[in-house]
Amino acid sequence: MDKIRVMGGIPLSGRVGISGAKNAALPALAASLLTADTLQLENIPYVRDILTARNLLEVMGVEAEVREDGTATLNAGRVRSCEAPYELVKTMRAAILVLGPLVARFKKARVSLPGGCAIGSRPVNLHIMGLELMGAKCDVVHGYVEASTPGLHGAHVMMDTVTVTGTENLMMAATLAEGETVLDNAACEPEISDLADLLRSMGARIQGDGTRTIRIEGVRELHGSRHRIIPDRIEAGTFAIASAITRGDVEITKCNPGHLTAVLTQLGHTGAEVTIGSDGFRVRGRDPIVSKNVATHPYPAFPTDMQAQYMALMTQGDGSAVITETIFENRFMHALEMIRMGADITIDGRQALVRGGKPLSGARVLASDLRASASLILAGLVARGETVIDRVYHLDRGYYHIEQKLARLGANIERIR
Ligand code: EPZ
């Protein structure tokens, strides 16, 4: 299994280009199931979760080609199976995103339930509730959701919790439902609007994406299209913290700073100098790093997918900071590994108290999930000596060659095969 080795102590400098967003590309791939025509996608990150999604579509009979140059061609004209097998779903929860499109177009689906994950129980009850309100019959049998319908119809779906993939699944299903669907308390992450843009370019009638209320007027069928995926705001945020924590000077390009307002504002509060440009932004790290509390919430607030990276920064703060994780019940695994590097962190349920100002020392650490692995690289960039991160397959799920990108910014980092 690959490992990443980092030698700390070097301020990063230079320019880094951001890849396409994994969490926008995954629903876009699933959307290919909504039409028999061809979908051309651009700016797709060549990361492991995308390849898993491709494999899943291929198992169903979709012609799916994903290339390292960021382009993908998909055609679901000859689908032969509406089943998403456990073997693939267990490796990537987002596989649940095929449920809505399959039920909408093929009126049936058999999708393995994702089950729990390192960061929380993560049920999909709202996905199922929404489909049932739209006229699907859903049963959970032998670990699979078995759904069928004579044809979906519009419905008013109030989601008591804001769910990103739940909103995406139901929005896709509603595009082919008879009549109007209203999704209330919907997620409004930029990835939702990117999916809505793609679906509209396929002929869907969608309004209100980007707000808490989305209206979808169903149509009889959707057609093919070409769509460019938005940049990855979480990858951009990760590099922003890499510059701040190393007291570096990095220009982060090919991204939309408007998708990161909460993160960049918080970074400014911690003393880093953030300059917004047209194609990205620049972060200059400053001393001291000011300790500041933060709480994660649905977009446009501070994202949970930046919480671990922010914790690494706060280990170098000039005081104490309280980090509150409101989205997932078990998303502090990285803290235990940072403590092994000498950080002073106390966990109390969904709150972590990070006392800054303690120098970190390099150690062997274990990645538990995608963003935790990124946060351990950030901690390693400022630790004295060598840090070796194990289980980096988590990292490869969502970051494209992050160690090479960091090395081009001057980091002493390498992958150990
Ligand atoms: C998406 O996951 C992202 N994944 C996650 O990114 C991200 O952390 C999360 O949204 C929150 O922003 C993708 O887009 C592929 P949720 P998702 O449904 O949709 C509860 C990364 O690092 N809930 O918005 O699975 C749930 O338990 C990943 O790239 C229900 O109770 O998350 C959680 O507490 C990690 N019932 C909350 O809602 C449901 O039916 C938000 O989860 C659905 C969700």
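Note that the structure is a prediction, hence the values are computed from the model and not measured. In what follows, every heavy atom counts, from backbone to side chain, and hydrogens, waters and symmetry copies are set aside. Throughout, residue positions are numbered sequentially from 1 according to the sequence presented. Start at 1 and go down the list; that is how both ligands and their atoms are numbered.
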Per-atom contacts, ligand 1 versus [X] - under 4.0 Å to a heavy atom:
X: Val162; value: 24 (O), 38 (O), 41 (C)
X: His127; value: 40 (O)
X: Val124; value: 39 (C), 40 (O)
X: Lys22; value: 21 (C), 29 (O)
X: Ile327; value: 33 (C), 34 (O), 41 (C)

Heavy atom to [atom], shortest distance: which of [options] holds it?
atom: atom 10 (O) of ligand 1; options: Val164, Ile119, Ile128, Leu126; value: Val164
atom: atom 12 (O) of ligand 1; options: Thr304, Leu370, Asp232; value: Thr304
atom: atom 5 (C) of ligand 1; options: Asp369, Thr326, Asp305; value: Asp305

Just to confirm my output: which protein heavy-atom neighbour is closest to [atom], and how far is it?
atom: atom 31 (O) of ligand 1; answer: Pro123 CG, 3.5 Å
atom: atom 29 (O) of ligand 1; answer: Arg371 NH2, 2.8 Å
atom: atom 2 (O) of ligand 1; answer: Arg122 NH2, 3.2 Å
atom: atom 20 (C) of ligand 1; answer: Thr161 CG2, 4.0 Å
atom: atom 9 (C) of ligand 1; answer: Phe328 CZ, 3.9 Å
atom: atom 36 (N) of ligand 1; answer: Asn125 OD1, 2.7 Å
atom: atom 19 (O) of ligand 1; answer: Thr165 OG1, 2.6 Å
atom: atom 4 (N) of ligand 1; answer: Asn23 ND2, 3.7 Å

Any side-chain heavy-atom pair of [X] and [Y] under 4.5 Å:
X: Met171; Y: Ile216; value: yes
X: Leu198; Y: Leu39; value: yes
X: Thr175; Y: Pro101; value: no
X: Ser148; Y: Phe106; value: no
X: Asp344; Y: Ile339; value: no

For the 3.5 Å polar cut-off, considering only N or O atoms, please tell me whether Thr163 and ligand 1 meet it. yes
Below 3.5 Å, N or O to N or O, backbone or side chain included: is there any such pair between Arg93 and ligand 1? no
Contact between Arg331 and ligand 1, counting heavy atoms under 4.0 Å? yes
Can Glu168 be said to touch ligand 1, with heavy atoms closer than 4.0 Å? no
side-chain contact (heavy atoms from CB on, under 4.5 Å) partner of Asp184, chosen from Met158, Arg212, Met159: Met158
In this structure, which one of Thr167, Leu34, Leu102 forms a side-chain contact (heavy atoms from CB on, under 4.5 Å) with Met172? Leu34
For the atom pair OH (Tyr399) and CG (Asp49), what is the distance rounded to the nearest 0.5 Å? 12.0 Å
Under-4.0 Å salt bridge between Asp209 and Arg200: yes
For the pair Lys405 and Glu235, find out whether any cationic side-chain nitrogen is under 4.0 Å from an anionic carboxylate oxygen. yes
Pick out which of His227, Arg228, His259 makes a side-chain hydrogen bond (donor to acceptor under 3.5 Å, both in side chains) with Asp194. His227
What's the verdict on side chain to side chain donor-acceptor pair (under 3.5 Å) for Lys254 and Ser19, showing C-alpha distance, side-chain angles and the deciding distance? CA-CA 8 Å; Lys254 295 193 201 161; Ser19 304; over 6 Å; no
